[in-house]
Every structure is written in C-alpha cells, then in structure tokens.
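Heads up, the thing below is written out as structure tokens.
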Amino acid sequence: MLFLSCERRPCQCAMPASPWPTPRSVRQASQLHAVLTTSGKIVHPPSAGHLLSSLTNCLSAPLHLSYALSLFDRLPLHSTFLFDTALRACLRASAGADHPVLLFRRMRRGGVRADAFTFHFLFRCCSLARARAGLCRMLHAACLRTMLPSAGTLVTNPLIHMYAVLGLTDDARRAFDEMPVKDAVAWTTMIGGLAKMGLLDEARRLLVQAPERNVVSWTSLIAGYSRAGRAAEAVNCFNSMLSDGVAPDEVAVIGVLSACSQLKDLDLGRSLHFLIGEKRIKMSDNLVVALIDMYAKCGDIACAQGIFDAVGRGQKPQPWNAIIDGYCKLGHVDIARSLFDQMDTPDVITFNSMITGYIHSGRLRDALLLFMQMRRHSLRADNFTVVSLLTACASLGALPQGRALHASIEQRLVEDDVYLATALVDMYMKCGRVDEATIVFQRMGERDVHTWSAMIAGLAFNGMGKVALEYFCQMKRNGFQPNSVTYIAVLTACSHSCLLNEGRLHFKEMRSSHGIHPQIEHYGCMVDLLARSGLLDEAMDLVQTMPMQPNAVIWGSILSACRVHKKIDLARHAAEHLLKLEPDEDAVYVQLYNIYIDSRKWVDASRIRMLMEERGVKKTAGYSSITVAGQVHKFVVNDQSHPWTFEIITMMEEIAHRLKSVGYSPITSKITVDVDEEEKEQALLAHSEKMAIAFGLISLPPNLPIHIMKNLRVCEDCHSAIKLISKLWKREIIVRDRSRFHHFRDGTCSCNDFW
DNA sequence: CTAGGGTTAG
C-alpha cells in the first residue's frame, strides 16, 4: 500500500534515468512490475533494468529467483547489464551453478558481450556451488579469451577464490602469480585459500611477502593453525599480529579463542576476554559463543554460565548450544537438560549436543526419547545425529537399528562422509559383524586416521589380532601417521591375541618412530599382554618403572593373570591396591576370593567374604540379554520370569542332552559351593548366557546369528558349551562381555581369552 | 563487488 501510493508520482530522489521508486521487497517489486506492464513501459530498457536490479536486491527464496529469471526471460532486450544482473540474482539466491552456466551460454549465442562483472559473478557462483573443477577451468579459459588483459582484480580475485575453495591451490597460485597488479584483497584471498587448505607454511611465507598485512590475512592464518590442532602457533600468530600493529577485530578474537579452548589455558582466555573490553570489540553472538565455549573447555564453567546469563539468553539458540554442550562435556547432563527445557527454539545442534551428552553418560533411553522429540520441532536428523545414534547402537550392540541407520545413509537421507562411515565401521565391529564392517571400510571413498584406528580396534576386539596388525601395516604404507589412539588399538590387538613379540615391537616403535609418548592406556595393554603371557615379573617391572601411578585397569590385569598363573602373593598385593582404588567394586573381592579357593586357602577366602559383608559390597547379579524383534529380553541365573520359560527350559534340556551325547562334561571344578556334582551341573545349565541362547534358538530364524550381551565375564563352562552349541546347531553366536567379543562359529571362538 | 570466524560427530 505504502509503495503503491507513489506509483503515479515518481520519487524525487530516484536516479534521473529511472523515474520509478526503488522497490524494497519482492512484493513492492511485483507491484512495480504490474505498473510497468500495464503502462507498456516494461519494454523500456532502463525501467526494466531498474526493476530487475532492485528485485535482485530483495531475493531471499528460490521462488524469488524463478520470478526474477522469468521476468528476465520476458524482457525484449538483453543487454550485458541485464545478463549480469540475472547472474547476480543467481548468486544472491545461492542457486547452484546450472542457472549461471545456462545464462552464460545464452549470452554467447545471443552475441552479447561479456564484461568483467559477468565473470565476476560466474566465478562467485561457482565458488558458492562448489562447481566441478572442469567447469571452472572452462569458464576461466572463456574469460581469458574474452577479456582484455587488464581485466583487473574485479575478475581475478573471485577467480583465485574459486580455485582456492575447490582445493585447486595450484591453479589458484598460477592465477595469482600471473596477475599484473595485485591489490590487498588478492593477497588476502590467496593467503586465505592456502590457509584453508592446511598449507600453513606457504600461507605464512606469503603473508611475510605481502606489501600489507591486514587483520583478515592474519585471521585466516590463526584459524588455519587452530583447525590443524597447532593451537600454540595460532596464539603466537595472534601475538605477532598485535606487535605488527594490526588491531584485532571480532573475527580474529574468535579464532584465537578457539585455539585457547584447545590449550585449556584459562589465563590466556581471561586476558583475551579483557582485551575484548579494552579494545571495545563488538560482542556479537558468535563471540559470545566462542567465549562460553572457551571458559567451559578451560574448566571455568561458572564464568561461562556468567557470560551466558549476562548476554546469552536472547532468542538465538547458539549461545544456549554452547553452554549446554559445556555442561554435557563435563558430565552435568541434568543441568544441561534444564537449560534445554528453558529454550524457546532449540535447533538441530541443540538436539545433537543433548543427545550426545546423554549417550556419553550412558543414558541411551533419554537420548532416544530426545531423538524422537526432534520431529515435534520439525527438525530433521543430520549427520551429527546419525553418528551419535550409531555410537549408541554400537554400545548397545543393537545391530538391526544400526542397519536401519545404514539403510537411511544408503538412501541418501543424510550425506555420506568420513565421520559417518567410520561410525558405521565401529558399529558393525561392536556388533561382531567384522565382514560388514570390512565391506563398509573397503567401499568408503575417503579414509583418515580415525577410520583406520576404528578398523584396527574392531578387529582387535573381535579376536583378529593378526589381521588388525596387517591393517596397521597397510595404514602406514598408505601414508597415514598413527596417533596415540591407533596405538591403543594396535596394542589391544596384541594383548587380545597374545602376540607378545609384536606387542613389544610396536610399544617400542610408537616412541622411537612416531614420537608418541605412551599413556596409561598403552601401559595397560602392555601390562595385560605380559601378564597374560605369564611374564608377571616383567609386567611388574613395567608397572614400577612407568611414569604414572597404576590405575585399576592395570591392577585388574595383574590380578586376573595371577589366578591363571597361580601367584598368590602377587595377587594379594594387586588386590590390596585395587581395594584402595575401588573399594566398592565387587569383582575384586570375587576374584581374590576365587584365587584363595583355587589354592585351598579357606580361611583367607572366608575373610574376604566377611570383608564384603562388613563393607556392604553386594555381588552384582550377572545377566545376559538378547534382542528379538526389537525387544530386549534379559535373563539372570535360573530366571523363571520370562513368559516363554517353559519353552526355554525344554530347549535347555535339549542342549544339555545333545552336549552330553557328544561327550561334553560340564566344567564344575570352579564351583565352590558344597553340593553334589549333579546340582553343580544344574547350576551351570541355568546360567544366564545359556538361557538367552536357548531363547535365541527358539525365537530367531535359523539363518540369523544369535547376539548376546553379558554384563560380566562369560564363565569358562559357558564358553566351551557355547562353542559346541555353535557346531551342533550350525549357528553363529556372538557374545559381547565386559572386555571383548566372543565370536563362536563351528565349534571355535575367535577370542584368545583364558580362565 | 571484495578477502578471515564459532557451537554438535567417528
């Protein structure tokens, strides 16, 4: 209405060439369009140009672009300016590279001369749309043929940017070097392109050469170092910028804050916070996010909360996301959730952070409920969500759900990427499907050090240590640098497969060839390997010479090896340490009790019993679970609560019968209760593992493997009984217990575990 | 008409 009121009287302030007011919205543009059409003025090139140009300035939706392009199509005359404006419209609507290329072809067919703006917009469209390298080079060639040599930076700067965005740094560099006159933007674009590709040393060299070092060049270098994990260099770079006399702005500070988060350097963080106030740098939302994130990661959550309360409680979800993530990372999921519930408009990132927080604290049910709530906010799951859910499936051993997620990836409901593929490998491995994990791994386009590590760790857990080491060799041959996580996987492979010499070799090599200092986890693997191999003295030497205090995992390895290798004194020593570290962990008492019983030290054994009673330590009940048709069925010893108890017992009797008929005798020697042999056999038969397997045999189709999860360790009798069951029933049985996978097939098990 | 940035994942 407001706009129409000027329709008869042209604005005084408008350009003299165009007697029309300037529309400020698509709606106003369409009104002007109507007026021009009815008055026949639409054929007047300056009027039409004015309309198209001002419409272009208002574009905000794809529909607007089709309006603008249809308007363009109906114009009687197509000048270079009009084509350039149409290209500008494509850019504004970020509508990919197809429209621009078609426009360019029409231009040449129509004999319309291309000018500097034409190529300027074409190159920018290609950058935005990440166009194919071939197309970009073609347009570049067309540009060289068409343009006067002195086209200038209006064309070359977007050209360099285009090549840099596509990762074609050589093309970018050549174009840059061939520029007769380089302005500040050219230098900055080139430096930024190199920094983004991780070519930081080259970027730095260029920065030194540049006639002028501005805040933008410095910032791209700072961010580059920070992204590459070279946080200390990022901070140095920031300091160099300051001493170079370049004033930091909001973006520069955000970059150095993220480096500071990595370094967890609270003092530096505080001084940066002070600098913001001192230099009166604008406190944008993004800066607030970076500050909250920095304080949270540097361990000062109170300060993070303070900033959030002061400036973060607006409508924008980003500051909320930063503080929620901070609480989740510290394990305070309930505080995070209460903030989450206060939000008006959570976005995908909010949900992803909260879901991941729940998953990392083992609250998978809450994670799932939240995932289902996303629909109510009409939010779609993205790659982050799917990776988190795959992690949950991996830790639950939920193979069918994991497969469903895989299917949604294959159907391209989410974009395939390295993270996703690695999470898939991890999920299949943790569900015992080495074959499927391998297929995913082999089909992936891009791999990185995490992918290889997941593969090696997965093979290790599945008892395929030798294969894991082959993958490790292949990884190094392909030029990937192993990191400390990779070495945890490699050493786990050695300890789970009892590869003593290989373990020693890799433990030595990690420091000598790759400069990785062993952490407690690496020592843990080595101690386990030595102890399992019966070299308890050597294991203890390592424990005493390592530069940190042994943790419960390490004493646990020693203790369980002591039972097998009958080292009572060392067992007592290890147990003492364990009871100090974890006085409530029932497994320690049970282990020590069993060791005393094994060696007939009845008095010591009963002392342990008493100690447990005194301290109120309860033995956690062992249970096994199996998922059938999406439902989890949980069994404890002698369980009669299941609705199919009758069928299960019948099946267990058949199992006992068939085992006996092939000469199997239950391993009753470890049972310490004083009952007769037959009762012992009955007790073993009622173990939760066997109940779950019996139920699986009844309820799952014969071609499906049976997956069982056990919260403790599979007992010796169950282990050898399941081997036989897998042979007699010709079924694959996969049991995941506390420390590893047991893959039973045709009478064998993949694990190298002992009792 | 222009170059640099943050929070969620394996």
Side-chain angles (χ1 to χ4, degrees), chain A residues 84 88 91-92 116-117 120-121 123-124 127 152-158 160-161 164-165 183-193 195-196 203 214-224 226-227 241 248-259 261 284-294 296-297 312 316-326 328-329 347-357 359-360 382-392 394 414 417-427 429 447-455 457-458 485:
Chain A
D84 289 351
R88 187 161 65 92
L91 179 69
R92 270 199 69 118
F117 282 103
H120 172 96
F121 290 123
F123 293 151
R124 288 182 63 201
S127 305
T153 54
L154 182 69
V155 175
T156 39
N157 289 349
I160 295 165
H161 187 235
V165 161
D183 63 3
V185 176
W187 283 94
T188 308
T189 309
M190 193 63 229
I191 293 167
K196 202 155 221 164
N214 60 25
V215 65
V216 178
S217 311
W218 280 112
T219 306
S220 51
L221 205 58
I222 292 166
S226 178
R227 266 196 305 269
M241 179 181 89
D249 67 358
E250 177 207 339
V251 183
V253 175
I254 290 170
V256 72
L257 275 173
S258 99
S261 307
S284 64
D285 281 328
N286 294 333
L287 187 51
V288 171
V289 168
L291 269 173
I292 292 173
D293 180 63
M294 181 278 293
K297 293 223 169 91
K316 290 268 176 58
Q318 289 91 329
W320 293 86
N321 295 347
I323 190 79
I324 285 172
D325 178 60
C328 283
K329 289 270 157 66
D347 65 3
V348 197
I349 296 180
T350 326
F351 273 92
N352 288 342
S353 304
M354 205 58 235
I355 288 170
T356 312
I359 289 173
H360 282 127
D382 65 2
N383 288 21
F384 284 83
T385 329
V386 176
V387 168
S388 294
L389 294 174
L390 280 170
T391 311
V414 285
D417 72 6
V418 206
Y419 280 83
L420 217 42
T422 306
L424 271 178
V425 168
D426 186 54
M427 184 276 295
M429 281 298 193
R447 295 176 194 143
D448 64 12
V449 59
H450 299 276
T451 324
W452 285 96
S453 303
M455 196 64 198
V485 178

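The figures that follow rest on heavy atoms only: side chains count, while hydrogens, waters and symmetry mates do not. Reminder, nothing fancy here: chain letters follow the sequence lines and each chain counts from 1.
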For A/R227, answer base if it contacts any base atom (sugar-phosphate contacts may also be present), sugar-phosphate if it contacts only those atoms, and nothing otherwise; contact means non-hydrogen atoms under 4.0 Å. sugar-phosphate
Sugar-phosphate only, base, or nothing, as touched by A/D249 at under 4.0 Å among non-hydrogen atoms: base
I'd like to check the side-chain contact (heavy atoms from CB on, under 4.5 Å) partners of A/F384; sequence neighbours left out, ordered by chain and number. A/N352, A/D382
Please check: side-chain N/O of A/S284 versus main-chain N/O of A/L287, any donor-acceptor pairing under 3.5 Å? yes
Heavy-atom contact window of chain A on DNA chain B, given 5' to 3' at under 4.0 Å: B/dC1 to B/dG10
Using a 4.0 Å heavy-atom cut-off, does A/A223 contact any base of the nucleic acid, only the sugar-phosphate backbone, or nothing at all? sugar-phosphate
Classify A/D382 by what it touches in the nucleic acid, base, sugar-phosphate, or nothing, heavy-atom distance under 4.0 Å. nothing
When we call it a touch if two heavy atoms are under 4.0 Å apart, what does A/V215 touch: a base, just sugar-phosphate, or nothing? base
Need one value for A/V253: base, sugar-phosphate or nothing, where a base atom within 4.0 Å counts as base even if backbone is also close, heavy atoms only. nothing
Give me the one residue out of A/N214, A/N157, A/D183 that meets side chain to side chain donor-acceptor pair (under 3.5 Å) with A/T188. A/N214
A/K329/A/D325 salt bridge by N-O under 4.0 Å criterion: yes
Reckon A/S226 touches a base, only the sugar-phosphate, or nothing at all at heavy-atom distances under 4.0 Å? nothing
Can you check whether A/V185's main-chain N or O pairs, donor with acceptor, with A/T189's side chain at less than 3.5 Å? yes
Would you classify A/N286 as touching base, sugar-phosphate or nothing, given that sugar-phosphate means primed atoms plus P, OP1 and OP2, and contacts are heavy atoms under 4.0 Å? base
Heavy-atom nearest pair, A/L390 first then A/A423, reads CD1-CB, 3.8 Å
Once you apply a heavy-atom cut-off of 4.0 Å, does A/S220 come out as touching a base, just sugar-phosphate, or nothing? sugar-phosphate
Give A/D183 one of three labels, base, sugar-phosphate or nothing, depending on what nucleic acid heavy atoms sit under 4.0 Å from its own. nothing
Please identify each residue that fulfils side-chain contact (heavy atoms from CB on, under 4.5 Å) with A/A184, with sequence neighbours left out. A/E212
What nucleic acid atoms does A/K329 come within less than 4.0 Å of, heavy atoms only: base, sugar-phosphate, or nothing? sugar-phosphate
